[in-house]
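Presented below is the structure to which this report refers.
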Amino acid sequence: MPTLSRWFIKIGMLYFVMGISIGSVMLLQPTFDWSPRLQLLRPVYLHFLFIGWVTQLIMGVGYWMFPKYTKAKPRGSEKVGWTVLILLNVGLILRGIGEPMMIIEPGMTYGWMLAIASMCLLFAGWGFILNTWGRIKER
């Protein structure tokens, strides 16, 4: 398994653990009468599970398992792959911080964080597609 795929998958597993932990805390909130503000973590929970875990796992396995691009560069550009990994995770971290803060302190204070997070996630998606597109071909 390529190193980049291992990083995608292992980081994805960390997001899975964080996501289900956040979800468990939110489910326990009514039982223990914790702060109702915990519901502010719902978008973080969803992003961590669906982008952090599922999307990152798909990208890691896709980078590893899709048909070879060429003999010289079997998986496309490794540099683009690492850039995708970094952008995806920077976007998720910024989103995980910025989303609840925007609700706690409305206004433009944290809007820049969500804007940068969205751009990072968008560029990560485009980078993955560009790096993988040529590998999807008929036999």
- line: On a heavy-atom basis, the closest approach of G98 and Y110 is O-CB, 4.2 Å
- request: Measure across Y63 and S5 and return the closest heavy-atom pair with its distance rounded to 0.1 Å.
  value: CD2-OG, 3.5 Å
Side-chain heavy-atom pair R95, M113 within 4.5 angstrom cut-off: no
L41 side chain reached by P100 side chain, heavy atoms, under 4.5 Å: yes
message: Can you tell me how far apart CD1 (I51) and CD1 (I58) are? Round to the nearest 0.5 Å.
response: 11.5 Å
query: Given the rule that I, L, V, M, F, W and Y join up when any side-chain heavy atoms are under 4.5 Å apart, are V44 and L92 in one cluster?
result: yes
task: Would you name the heavy atoms of H47 and E99 that are closest together and state the gap between them?
output: CE1-OE1, 4.0 Å
field: Residues, nucleotides or ligands: over 12 heavy atoms within 6.0 Å of R135 CZ
entry: yes
field: Over all atoms of both residues, closest heavy-atom pair of C120 and V90
entry: SG-CG1, 4.0 Å
message: Under a 3.5 Å distance rule, please check whether E105 uses its side chain to pair with a backbone N or O of M101 as donor and acceptor.
response: no
message: Using side-chain heavy atoms (C-beta onward) and a distance below 4.5 Å, is L57 in contact with M13?
response: no
Test item: L87 and L121 side chains (from C-beta on) under 4.5 Å apart, heavy atoms: no
message: Between T132 and R75, is the side-chain hydrogen bond (donor to acceptor under 3.5 Å, both in side chains) condition met? List the steps.
response: CA-CA 8 Å; T132 308; R75 294 181 175 85; over 6 Å; no
message: Given 3.5 Å as the limit, does a donor-acceptor pair link the side chain of N131 with the main chain of S77, or not?
response: yes
Gap between atom CD1 of I22 and atom OH of Y15 - 0.5 Å precision: 10.5 Å
- prompt: Are any of the side-chain heavy atoms of L94 and L114 separated by less than 4.5 Å?
  reply: no
task: Verify the cluster assignment for M59 and L14: are they in a single hydrophobic cluster under the rule of side-chain heavy atoms below 4.5 Å apart?
output: no
message: Between R6 and M1 (side chain of the first, backbone of the second, donor and acceptor by atom type, cut-off under 3.5 Å), is there such a pair?
response: yes
field: In one Ile/Leu/Val/Met/Phe/Trp/Tyr side-chain cluster, 4.5 Å: I93, V17
entry: no
- prompt: What distance do F16 atom CZ and S21 atom OG have between them, rounded to the nearest 0.5 Å?
  reply: 9.5 Å
statement: Minimal heavy-atom distance between G91 and A117, with the atoms involved, is O-CB, 3.3 Å
Hydrophobic cluster identity match, I86 and F48, side-chain contacts under 4.5 Å: yes
Donor-acceptor contact present, side-chain T55 to main-chain F50, <3.5 Å: yes
task: Work out which heavy atom in Q56 is nearest to a heavy atom in L88; give both atom names and the distance.
output: OE1-CD2, 3.4 Å
message: Is it the case that the side chain of S24 and the backbone of I20 share a donor-acceptor pair, with hydrogens and angles ignored and the cut-off at 3.5 Å?
response: yes
- request: Report, as yes or no, whether the 6.0 Å neighbourhood of atom CH2 on W82 holds more than 12 heavy atoms from other residues, nucleotides or ligands.
  value: yes
Shared hydrophobic cluster for I129 and W64 (ILVMFWY, side-chain gaps under 4.5 Å): no
